[in-house]
K.L.:
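Here it is, the structure, as C-alpha cells.
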Amino acid sequence: MEHSLLLNACVYLAAAVIAVPLSKRLGMGAVLGYLVAGILIGPFGFKLIAEAEDALHFAEFGVVLLLFLIGLELEPSRLWALRRPIFGWGGAQVGLVAAVLFGAALLAGVSWKIALIAGLGLSLSSTAIALASLDERNLMPTPAGQASFSILLFQDIAAIPMIAIVPLLGIPESAGGGGNAWIAVVKVIVVLAGLVIGGRFLVRPLLRFIAKTDAREIFTAFALLLVIAISLLMQSVGVSMALGAFMAGVLLADSEYRHALETDLEPFKGLLLGLFFIAVGMSVDFSVFLARPAIVLGLVAGFLVLKIGVLYGLSRAFDMARGQHLQFALILSQGGEFAFVVFGAAATARVFSAEVASTLVVVVALSMVVTPLTLMAYDRVSARRQGAKRDDQADEIEPNEDHVIIAGFGRFGQIVGRFLNVSGVKLTVLDHDPDQVDVLRRFGFKVFYGDATRADLIRGAGAAKARALVVAIDDIEDSLALVEAVRRDYPDLPIFARARNVTHYYQLMDRGVQMIERETFEAAVKLGRSVLTAGLGQSAYRTRQTADKFRKYNLQNVLAVYPYYKDRDTYVSMAKRGRDELETMIARDRKAVEDETGHDWD
C-alpha cells in the first residue's frame, strides 16, 4: 500500500515536471500541460495510474485552497460591494446558458428532465481552469477578470440548489427527497452561521495563540487543518467545499495573520491544483468517446458554440471593456467540476441512464481540455494584432529621447503620472486595463497595453531611451518581476518604485532599487501634521520639525533592520528593539520641546 502510494506520487510528479515546462516552452500554458500529462499516464494512455477517481477527489483540495486564498483577498465589506455583479452577472449567466442549452436539447428530441439537468449542469464552469487562466494572463484586476470571478462564485452557490432538485425529478422511489432537501438547506444555514461566529471568536484567538509560540511549522499545520476541517464540514452538509473555504477566507481577510496564511498555503495550492488538472486528464473516458466519436465531438462542439455565444452576448450587455468580450467568453466556456457531481446525482436518482451520464461527463472533460487550446489560439491572434498596432503607432509617434515610463496606472501611478504630465515630462504608460488605455490615448499619452513584465513590451515602450522607470504596479510579485527584467536588460535605467509594505521595500532593495517610496507613509505623516496644526493648534514650524525627525528615524530603523529581514527570529527582535527605541526617542523629543518652549508637551 505504502509502496503503491509512493510510486503513484512519483508518477504524478514526474509527469508534471516533464509535461508542464515543455507545454509552457511551446507557449501552451501550464494548465494544458497538466491535462496532457494526465491523459498520458491515465487508463487510456500509458496506464501508469489505473484509478483516476481517487486522485480527483484528493486533488479537489487544490481548488479548495485556491478559493480560500482568494477569500483572504476579499474583506467582507468588499464582498458585500460585489453582491450586484455576483448575483446579477452570475444569475444572468447561469440562467441564460441553462435556458439556451435546455431549449437546444428539447429541439434535439431529448426529454425535458434530462434536458433541464443537462442544461443546469453544463451552465457551470470550471473554477480551477478559469481562475488559473486568469492568473496566467494577469487578468484578475481587469473588468473581464472581476466579472469571471463574480460568476464563478455565484456558480458555486447555484450548485447547491441544482443538486437538491435532482432527486425531485427522479423516479417515484426518490420522491421523499423533497423534505430532505429542505432539511439540507437548514443545515447549510446553520453551518454558515457557525462559520461566521467561529471565524470571529474562535479561529482568530487560536491564530494569535499559535503565532505567539513562534513555531512556524505549527502555524502552517494549523492553516492546513483549518482549511481541511472547514472543507469536510461543508461537504458533510452537501455544500461545495470550495465555497465553504472561500467564506472562511473572507472571514479572515481583515485578520492580521492574512499574509502569513497566504504565504504558508500558496505552495500547497499550486501543487494540488496541478494534481487536480492531471486527474481531470486521467478521467477522460476515451472508451465512451471511441464508441461514439461523432456524437461526442458534435456534443462538445455544439455545447461550446452555444455557451461561448451566450457569454459573448452577456459580456456586451455587461458593458465590459472593448477587446475583452471574446476572452471572457472563452475563459468560462468549459464545463465545471460540479457538473460531475450534478450528473452523478442524476444517474443515482435515475433521471439519467448510466450511458447518458458517462457521455456528458466526457463532454465536460473534453471541454476542459479544449479551453486552454482556444485561449492559446486567442492569445496568439491577439498578440499578432497588438504587434501590428504597435508597428503602426511607431510610424506615427516620434521616439521619445527623454521620456519617463510608468508601469501601472492605478490609484498610485495616476497621481505620479498626472504630476509629471503637468510638469511637461513626456510619458509612456504600461497598463493592462483597456478602458484606461483608451482614455490615456485620447489625451495624447503613448500607451502600451499588456503585462508590463514582458520583455518585448518593455522594449517596445522605449526602455533603451527612457530617462527613468516608475514602477507603480499593484501586485507585489509582478512589480518584482518587472524590476528583475529591467535590471537584466537595462542595468543603467534609473528605477523609482512604489513599495506596498516594508517587506516589499526590502525585496526591491534586494534587486538594487535605491529610490523607493512607501505608498502610505508620506500621506500618513502629512495627515499627522494636519492633525497637529489644524486640529490641535500647534505651529507649522514645530510640526514640520517633528515630522522631519520622525521621517529620519523611521528610515534609519527600516535600513537597520534590512540585513536581518530574512532571518525571522532576528527580524522580530530587531522590530521590537525598534519600537523600544521609538518610545525612547519620542520621550526625548517631548523633553526637548518642553525645554525649548518652557511649557509641557500637552
K.L.:
Does some side-chain heavy atom of Leu360 sit less than 4.5 Å from a side-chain heavy atom of Val356?
P.N.:
yes

K.L.:
So Leu330 and Thr371, do their side chains get closer than 4.5 Å, heavy atoms only?
P.N.:
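Heavy-atom side-chain distance check fails, nothing below 4.5 Å.
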
K.L.:
Main chain of Ile308, side chain of Ser333: is a donor-acceptor contact present, judged purely on distance under 3.5 Å?
P.N.:
no

K.L.:
If we only count heavy atoms from C-beta on, is the Phe149 to Leu131 side-chain gap below 4.5 Å?
P.N.:
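Phe149 reaches Leu131 side chain to side chain.
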
K.L.:
Indicate the atoms forming the closest heavy-atom contact of Gln334 with Ala130, along with that distance.
P.N.:
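Nearest pair, atom of Gln334 first, then Ala130: OE1-CB, 4.5 Å.
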
K.L.:
If I take atom CG from residue Leu224 and atom CZ from residue Phe219, how far apart are they, to the nearest 0.5 angstrom?
P.N.:
11.0 Å

K.L.:
Taking Ser125 for the side chain and Leu332 for the main chain, is one N or O donor matched with an acceptor at less than 3.5 Å?
P.N.:
yes

K.L.:
Can Leu101 and Lys307 be said to form a side chain to side chain contact (heavy atoms under 4.5 Å, CB included), step by step?
P.N.:
CA-CA 8 Å; Leu101 293 175; Lys307 192 167 184 179; 5.6 Å; no

K.L.:
How close do Val166 and Val351 get, heavy atom to heavy atom, and via which atoms?
P.N.:
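Looks like O-CG2, 3.8 Å.
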
K.L.:
Is there side-chain contact between Phe44 and Ile39, with at least one heavy-atom pair below 4.5 Å?
P.N.:
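Contact flag for Phe44/Ile39 side chains = no.
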
K.L.:
Report the C-alpha separation of Ile41 and Tyr12 in whole Å, then their side-chain angles, then the decisive distance to 0.1 Å, and conclude whether the side chain to side chain contact (heavy atoms under 4.5 Å, CB included) test is met.
P.N.:
CA-CA 8 Å; Ile41 67 175; Tyr12 287 130; 3.9 Å; yes

K.L.:
Check whether any side-chain heavy atom of Gln93 sits under 4.5 Å from a side-chain heavy atom of Leu311, and report yes or no.
P.N.:
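Yes - at least one pair of side-chain heavy atoms lies under 4.5 Å apart.
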
K.L.:
Considering non-hydrogen atoms only, spot the tightest contact between Ala339 and Gly121 and give its length.
P.N.:
CB-O, 3.6 Å

K.L.:
Which value, rounded to the nearest 0.5 Å, describes the distance between Leu265 atom CG and Leu226 atom CG?
P.N.:
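Reported to 0.5 Å precision, the distance equals 8.5 Å.
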
K.L.:
Answer whether the closest heavy-atom distance between the side chains of Ile151 and Ser148 falls below 4.5 Å.
P.N.:
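No, too far: nothing below the 4.5 Å cut-off.
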
K.L.:
Please name the pair of heavy atoms, one in Ile117 and one in Phe343, separated by the smallest distance, quoted to 0.1 Å.
P.N.:
O-CE2, 3.8 Å

K.L.:
For Val288 versus Ser358, what's the shortest heavy-atom pair and its separation?
P.N.:
CG2-CB, 4.0 Å

K.L.:
So, taking the atom named CG in Leu299 and the one named CG in Leu366, what distance separates them when rounded to the nearest 0.5 Å?
P.N.:
10.5 Å

K.L.:
State the CD-CG distance between Gln146 and Leu134, to the nearest 0.5 angstrom.
P.N.:
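That separation rounds to 9.5 Å.
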
K.L.:
Measuring from Ile129:CD1 to Tyr34:OH, what's the distance to the nearest 0.5 Å?
P.N.:
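The OH atom of Tyr34 is 13.0 Å from CD1 of Ile129, to the nearest 0.5 Å.
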
K.L.:
For the atom pair CG (Leu120) and CG (Leu116), what is the distance rounded to the nearest 0.5 Å?
P.N.:
4.5 Å

K.L.:
Quick one: do Val362 and Phe286 satisfy side chain to side chain contact (heavy atoms under 4.5 Å, CB included)? Show the steps, please.
P.N.:
CA-CA 8 Å; Val362 171; Phe286 283 97; over 6 Å; no

K.L.:
Could you pull out the closest heavy-atom pair between Ser133 and Leu375, with the gap in Å?
P.N.:
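Minimum heavy-atom separation between Ser133 and Leu375: OG-CD1, 3.5 Å.
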
